[in-house]
Amino acid sequence: MENLEYQSVEEQLDERVIEIARVSKTVKGGRRLRYRVTVVVGDNNGQIGMGSGKANAVPDAMRKASETARKNMKKVNLYKTTIPHEVYGRCGGAVVMMRPASEGTGVISGGGVRAVLEVAGVHDILTKSMGSANLLNVVKATFDALDQLKNASDEAVLRGKSAEDLAPFWDRR
């Protein structure tokens, strides 16, 4: 019975392939070619994970990346259909800026950032990708930014105030 519940949860996850790259290793006899696949998995409700897998064939690499992404899932603090506050994420030379947007704005972002935000369940957000255009680093910078998001009630406790006192300022865009 428990196995069926596990499978139903697995089927509900949204999976996006971010990148399929052909990578090579130089050996004595020449180059050994393999494939690296990067996948993002989410439940469209604040849970996301990223995984990367390498193999001699693309389907095997996809399977490995998907398994890794499902193992690395974590919760993200969201506020209604957007994020609670502005945040910057960094990885290598890539910098991603995310700013909350009013309802109905949509996801204003490019490639890898858009895929991550859509599987996370964000519907209204403004983003800007700066610096390096390396897709893997841009996606990691997006995850870094999402990790920095704070929950309004937790922040109120840290500041020694009630959530109602903080709410009018927290909601401001």
Side-chain angles (χ1 to χ4, degrees), residues 9-10 12-21 36-53 64-173:
V9 170
E10 290 289 316
Q12 293 172 359
L13 294 177
D14 188 4
E15 187 174 300
R16 306 270 173 103
V17 176
I18 300 291
E19 178 185 40
I20 300 175
R36 181 187 69 216
V37 176
T38 306
V39 172
V40 174
V41 174
D43 66 352
N44 295 318
N45 198 20
Q47 290 258 16
I48 55 170
M50 181 184 77
S52 189
K64 287 180 181 180
S66 179
E67 287 173 3
T68 306
R70 290 168 197 269
K71 286 179 189 173
N72 294 334
M73 288 191 72
K74 56 186 154 190
K75 186 80 174 131
V76 175
N77 290 318
L78 300 179
Y79 178 75
K80 296 182 183 174
T81 62
T82 187
I83 58 175
H85 55 87
E86 184 175 334
V87 68
Y88 285 83
R90 297 174 171 272
C91 180
V95 179
V96 174
M97 182 269 301
M98 292 189 212
R99 190 175 285 167
S102 58
E103 213 166 311
T105 304
V107 178
I108 311 294
S109 68
V113 178
R114 174 181 288 274
V116 172
L117 294 173
E118 285 178 350
V119 299
V122 178
H123 300 292
D124 304 302
I125 193 167
L126 303 167
T127 68
K128 176 74 178 168
S129 179
M130 300 168 280
S132 171
N134 179 332
L135 195 56
L136 202 53
N137 281 352
V138 169
V139 170
K140 287 181 180 180
T142 306
F143 269 79
D144 179 49
L146 292 173
D147 282 344
Q148 294 174 29
L149 292 175
K150 298 175 184 172
N151 188 348
S153 57
D154 294 344
E155 193 64 19
V157 169
L158 286 173
R159 296 182 188 185
K161 299 186 176 204
S162 68
E164 292 80 29
D165 291 341
L166 191 60
F169 305 107
W170 201 261
D171 192 57
R172 194 172 51 185
R173 289 181 177 75

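Position 1 is the first residue of the sequence; numbering continues from there. This structure is a prediction, so every number in the text was calculated from the model and none was measured.
- The side-chain heavy atoms of D147 and K74, taken from C-beta on, include a pair separated by under 4.5 Å.
- Looking only at side-chain heavy atoms (C-beta outward), K140 and M50 come within less than 4.5 Å of each other.
- For Q148, the side-chain hydrogen bond (donor to acceptor under 3.5 Å, both in side chains) partners two or more places apart in sequence, or in a different chain, are D144.
- When all heavy atoms of A141 and A94 are compared, the pair lying nearest together is CB-O, 3.9 Å.
- No donor-acceptor distance shorter than 3.5 angstrom exists from the side chain of H123 to the backbone of G104, with no hydrogens or angles considered.
- Between V41 and I48 there is no side-chain heavy-atom pair separated by less than 4.5 Å.
- Counting non-hydrogen atoms of other residues, nucleotides and ligands closer than 6.0 Å to NZ of K75 gives a total above 12.
- Nearest heavy atoms, V96 versus V138: CG2-O, 3.8 Å.
- You'll find the side chain of V116 reaches within 4.5 Å of the side chain of L146, heavy atoms only.
- For the atom pair CD1 (I125) and OG (S102), the distance works out to 12.5 Å, reported to the nearest 0.5 Å.
- To the nearest 0.5 Å, atom CG of residue N77 and atom CG of residue D154 are 7.0 Å apart.
- Side-chain N/O atoms of T81 and D124 include a donor and acceptor closer than 3.5 Å.
- Within the 4.5 Å cutoff, the side chain of V17 has no heavy atoms near those of the T38 side chain.
- The CE atom of M130 lies 5.5 Å from the OH atom of Y88; values are rounded to the nearest 0.5 Å.
- P84 and L149 make their closest contact through CD-CD2, 4.0 Å (heavy atoms, listed as atom of the first residue, atom of the second, distance).
- For T105 (side chain) and A101 (main-chain N/O), no donor-acceptor pair under 3.5 Å exists by modelled atom type.
- Each salt bridge (Lys or Arg N to Asp or Glu O under 4.0 Å) pair with one or both residues in residues 110-122, not counting sequence neighbours, appears once here: R16-E118, R114-E118.
- You'll find the side chain of E19 reaches within 4.5 Å of the side chain of R36, heavy atoms only.
- No donor-acceptor pair under 3.5 Å is formed between the side chain of D14 and the backbone N or O of V119.
- To the nearest 0.5 Å, atoms CG (N137) and SG (C91) are separated by 4.0 Å.
- D43 places no side-chain N or O within donor-acceptor distance of the main-chain N or O of L13, the cut-off being under 3.5 Å.
- Side-chain N or O atoms of T127 include one that pairs as donor or acceptor with a backbone N or O of I108 at under 3.5 Å.
- Looking at residues two or more places apart in sequence or on another chain, you find a side-chain hydrogen bond (donor to acceptor under 3.5 Å, both in side chains) between S66 and E15, R70.
- Of all the heavy atoms in A69 and G51, the pair that sits closest is CB-N, 3.5 Å.
- Of all heavy-atom pairs spanning L117 and M98, the tightest one is CD2-SD, 4.0 Å.
- Side-chain atoms of T82 do not come within 3.5 Å of backbone N or O of L78 as any donor-acceptor pair.
- Here the OG atom belonging to S52 is positioned 6.0 Å from the CG atom belonging to L136, to the nearest 0.5 angstrom.
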